[in-house]
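Before any comments, here is the structure.
Indexing begins at 1, ligand by ligand and atom by atom, following the structure's order.
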Amino acid sequence: MSYTYDDQNIFAKILRGEIPNKTVLETEHTLAFHDIYPQAPIHVLVIPKGPYVCYDHFCQTASDAEIVDFTRTCGKVCEMMGVKDGGFRTIANAGENAIQEVPHLHFHILGGRNLGRMLAPAE
Ligand code: 5GP
């Protein structure tokens, strides 16, 4: 499957510095920042700087350096946010069924409270 990246999405604008963000950590290939509408006491978004629509797109086409950097940054964010002891959840919504709102790959890292079961019952 091929993906078309929309460079007008909100995270592309954040990466270009057109919209402010509350940065947690920035590396060569990755940016982590606080979600604007946090759904838990800790809610950080981790995004690659490259133009990847979703996780599948990233896994299939990103360089090894980007993948390692992204993955290590997720680990560092967990450490910085102190979620290891209480537990946390990582979510990467992709496409229509997952109701992905922003078409630039992002991992949600959520913690700081009991997050309930993984999925809400189907409607
Ligand atoms: P999705 O539904 O695509 O998995 O999640 C998109 C996330 O991006 C949501 O949790 C939403 O609150 C967050 N978000 C949307 N616009 C902005 C923004 O301008 N700044 C930040 N920091 N987060 C945003």
Side-chain angles (χ1 to χ4, degrees):
M1 177 173 187
S2 67
Y3 292 97
T4 303
Y5 183 79
D6 170 14
D7 68 5
Q8 293 307 305
N9 77 74
I10 202 99
F11 294 167
K13 291 180 180 177
I14 284 176
L15 285 167
R16 290 195 294 267
E18 295 166 13
I19 292 176
N21 74 91
K22 288 166 89 175
T23 298
V24 172
L25 184 61
E26 180 168 10
T27 66
E28 182 181 0
H29 297 295
T30 309
L31 179 68
F33 53 97
H34 292 282
D35 196 292
I36 202 167
Y37 301 119
Q39 294 183 39
I42 294 160
H43 188 171
V44 175
L45 301 171
V46 186
I47 68 173
K49 291 183 177 176
Y52 303 105
V53 174
C54 64
Y55 192 46
D56 172 48
H57 190 201
F58 182 70
C59 291
Q60 295 203 40
T61 60
S63 68
D64 289 0
E66 290 174 296
I67 290 170
V68 169
D69 186 275
F70 181 80
T71 305
R72 294 279 187 221
T73 301
C74 288
K76 283 180 192 151
V77 167
C78 289
E79 193 179 347
M80 289 171 71
M81 294 292 111
V83 293
K84 197 178 76 177
D85 289 342
F88 64 96
R89 181 170 295 152
T90 305
I91 298 171
N93 293 316
E96 201 176 330
N97 280 349
I99 317 180
Q100 179 183 7
E101 289 175 5
V102 180
H104 181 114
L105 169 62
H106 48 286
F107 273 19
H108 300 255
I109 295 177
L110 298 138
R113 69 167 171 83
N114 184 310
L115 297 164
R117 292 199 176 273
M118 186 170 70
L119 292 176
E123 291 171 13

(request) In sequence, state the C-alpha distance, the side-chain angles, and the governing distance for Phe88 and Ile42, and then conclude on side chain to side chain contact (heavy atoms under 4.5 Å, CB included). (result) CA-CA 9 Å; Phe88 64 96; Ile42 294 160; over 6 Å; no
(message) Please list the nearest protein heavy atom to atom 19 (O) of ligand 1 with its residue and the distance rounded to 0.1 Å.
(response) Ile10 CG1, 3.6 Å
(request) For residues Tyr5 and Tyr52, establish whether the separation of their ring centroids is below 6.0 Å. (result) no
(request) Return yes if a side-chain donor-acceptor contact under 3.5 Å exists between Thr23 and Glu26, otherwise no. (result) no
(message) If the cut-off is 4.0 Å to any non-hydrogen atom of Val102, which atoms of ligand 1 fall inside it?
(response) 3 (O), 6 (C)
(message) Considering non-hydrogen atoms of the protein only, which is the closest contact for atom 24 (C) of ligand 1, and what is the distance?
(response) Ile36 CG2, 3.4 Å
(message) Between Leu45 and Ile67, is there shared hydrophobic-cluster membership here, with clusters defined by ILVMFWY side-chain heavy atoms closer than 4.5 Å?
(response) no
(request) Mark yes or no for whether Lys49, through its side chain, and Thr27, through its backbone, hold a donor-acceptor pair below 3.5 Å. (result) yes
(message) Looking at ligand 1, would His108 count as a contact under a 4.0 Å heavy-atom criterion?
(response) yes
(message) With a heavy-atom distance limit of 4.0 Å, tell me whether Phe11 approaches ligand 1 through its side chain, its backbone, both, or neither.
(response) side chain
(message) A side-chain contact here means heavy atoms from C-beta on lying under 4.5 Å apart; do Val53 and Leu105 qualify?
(response) no
(request) For atom 3 (O) of ligand 1, find the nearest protein heavy atom and state the residue, atom name and distance (0.1 Å precision). (result) Glu101 N, 2.7 Å
(message) Under 4.5 Å between side-chain heavy atoms, counting indirect links through other Ile/Leu/Val/Met/Phe/Trp/Tyr residues: same cluster for Val83 and Val24 or not?
(response) yes
(request) Measure the distances from the heavy atoms of Asn21 to every atom of ligand 1 and state whether one is below 4.0 angstrom. (result) no
(request) Within a distance under 4.0 Å of any heavy atom of Gln100, pick out the atoms of ligand 1 and give their elements. (result) 3 (O)
(request) Report yes if His43 has an N/O atom closer than 3.5 Å to an N/O atom of ligand 1; otherwise report no. (result) no
(message) Within ligand 1, which atoms have a heavy atom of Tyr37 less than 4.0 Å away?
(response) 12 (O)
(message) Are Phe11 and His106, when compared by the centres of their aromatic rings, separated by less than 6.0 Å?
(response) yes
(request) Examine Phe33 against ligand 1 and note whether any of their N/O atoms are separated by less than 3.5 Å. (result) no
(request) Name the closest protein heavy atom to atom 12 (O) of ligand 1, giving the residue it belongs to and the distance to 0.1 Å. (result) Asp35 OD1, 2.5 Å
(request) Enumerate the atoms of ligand 1 whose separation from the nearest heavy atom of His106 is less than 4.0 angstrom. (result) 1 (P), 3 (O), 4 (O), 5 (O), 6 (C)
(message) Any atom of ligand 1 sitting under 4.0 Å from a heavy atom of His34?
(response) yes
(request) Walk me through it: do Asp56 and Tyr3 pass the test side chain to side chain donor-acceptor pair (under 3.5 Å)? (result) CA-CA 10 Å; Asp56 172 48; Tyr3 292 97; 2.4 Å; yes
(message) Give the atom numbers and elements of ligand 1 that come within less than 4.0 Å of a heavy atom of Ile99.
(response) 2 (O)
(message) Centroid separation under 6.0 Å, is that true for the rings of His43 and His108?
(response) yes
